[in-house]
Amino acid sequence: QVQLVESGGGLVQAGGSLRLSCAASGRTFSSYNMGWFRQAPGKEREFVVVVWKGGLTYYADSVKGRFTISRDNAKNTVYLQLNSLKPEDTAVYYCAATLQPTTRAREYGYWGQGTQVTVSS
């Protein structure tokens, strides 16, 4: 069982930055692939980025070069640095965990409650 709690969302102007955190419970955090997804109003949840348990990462094209994911297994925490934010990045951002090597939301079994990111123009 893994419980996830996100923090760090907020309101920022276009071009600004935010850092999201996702704290996980459990002693097997290092075994999980950790992903970030986002959902804008009226849209489906979409994949943003994943950090595999071995540390490699994979980004959606829409955020590549602007967002950076990292994980600290000693702290059971995954981070998402959001730079050069655009209004279209506005969404609820969710942290999720899976044992599978996947970017598909339905294959992530554990989810946080989400944190709102709003980017004003």
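Numbers here are sequence positions counted from 1. Since we're looking at a predicted model, the values are computed, not measured.
Minimum heavy-atom separation, Ser17 to Asn83: OG-OD1, 2.9 Å. Nearest heavy atoms, Pro87 versus Ser121: CG-CB, 3.9 Å. The minimum heavy-atom distance between Arg71 and Asn33, with the atom names listed, is NH1-CA, 4.3 Å. Closest approach of Ala91 to Gln116, counting heavy atoms only: O-NE2, 3.4 Å. The minimum heavy-atom distance linking Ser21 with Trp36 is given by the pair O-CH2, 3.8 Å. When all heavy atoms of Leu4 and Ala97 are compared, the pair lying nearest together is CD1-N, 3.8 Å.
The OG1 atom of Thr118 lies 13.0 Å from the CD atom of Gln13; values are rounded to the nearest 0.5 Å. The OG1 atom of Thr115 sits 7.0 Å away from atom CD of Gln113, with the distance rounded to the nearest 0.5 Å.
Using a 4.5 Å heavy-atom threshold, the side chains of Val117 and Leu18 count as touching. Here the side chains of Leu82 and Leu80 are in contact, with some heavy-atom distance below 4.5 Å. Side-chain contact between Tyr110 and Thr98 is absent, with no heavy atoms from C-beta onward closer than 4.5 Å. Looking only at side-chain heavy atoms (C-beta outward), Leu99 and Lys53 stay at 4.5 Å or farther from each other.
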(message) What verdict does the side-chain contact (heavy atoms from CB on, under 4.5 Å) test give for Tyr59 and Asp61, after you've listed the backbone C-alpha separation in whole Å, the side-chain angles of each residue and the deciding distance to 0.1 Å?
(response) CA-CA 6 Å; Tyr59 293 85; Asp61 287 344; over 6 Å; no
(request) Any chance you could lay out the side-chain contact (heavy atoms from CB on, under 4.5 Å) test for Cys95 and Val78, step after step, and finish with the verdict? (result) CA-CA 8 Å; Cys95 173; Val78 61; 3.8 Å; yes
(message) As a quick check of understanding, evaluate side-chain contact (heavy atoms from CB on, under 4.5 Å) for Val51 and Val49, giving each step before the final call.
(response) CA-CA 7 Å; Val51 56; Val49 60; over 6 Å; no
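Summarising the hydrophobic clusters (Ile, Leu, Val, Met, Phe, Trp, Tyr; side-chain heavy atoms under 4.5 Å, direct or chained), the residues clustered with Tyr79 are none. Members clustered with Leu56: Phe37, Phe47, Val50, Trp52, Tyr58, Val92, Tyr94, Tyr108, Trp111, by chain and number, using a 4.5 Å side-chain heavy-atom cutoff among hydrophobic residues.
A donor-acceptor pair is defined here as one N or O able to donate and one able to accept, closer than 3.5 Å; no such pair exists between the side chain of Gln81 and the backbone of Arg19. When atom types are taken as modelled, the side chain of Ser30 and the backbone of Asn73 share no donor-acceptor pair closer than 3.5 angstrom. Panel note: side chain Glu6, backbone Leu20; no donor-acceptor pair is recorded below 3.5 Å. For Asn76 (side chain) and Phe29 (main-chain N/O), no donor-acceptor pair under 3.5 Å exists by modelled atom type.
Not counting sequence neighbours, the partners of Glu46 by the salt bridge (Lys or Arg N to Asp or Glu O under 4.0 Å) test are Arg38. Contacts of Lys43 classified as side chain to side chain contact (heavy atoms under 4.5 Å, CB included), with partners at least two apart in sequence or in another chain: Ala40. Residues that satisfy the side chain to side chain contact (heavy atoms under 4.5 Å, CB included) test with Ala23, not counting sequence neighbours, are Thr77.
Classification of Lys86 and Asp89 as a salt-bridged pair fails, no side-chain N sitting under 4.0 Å from a carboxylate O.
In this structure, a donor-acceptor pair under 3.5 Å is absent between the side chains of Glu88 and Thr90.
Among residue pairs with one or both ends in residues 107-121, those qualifying as salt bridge (Lys or Arg N to Asp or Glu O under 4.0 Å) are Arg104-Glu107; sequence neighbours excluded.
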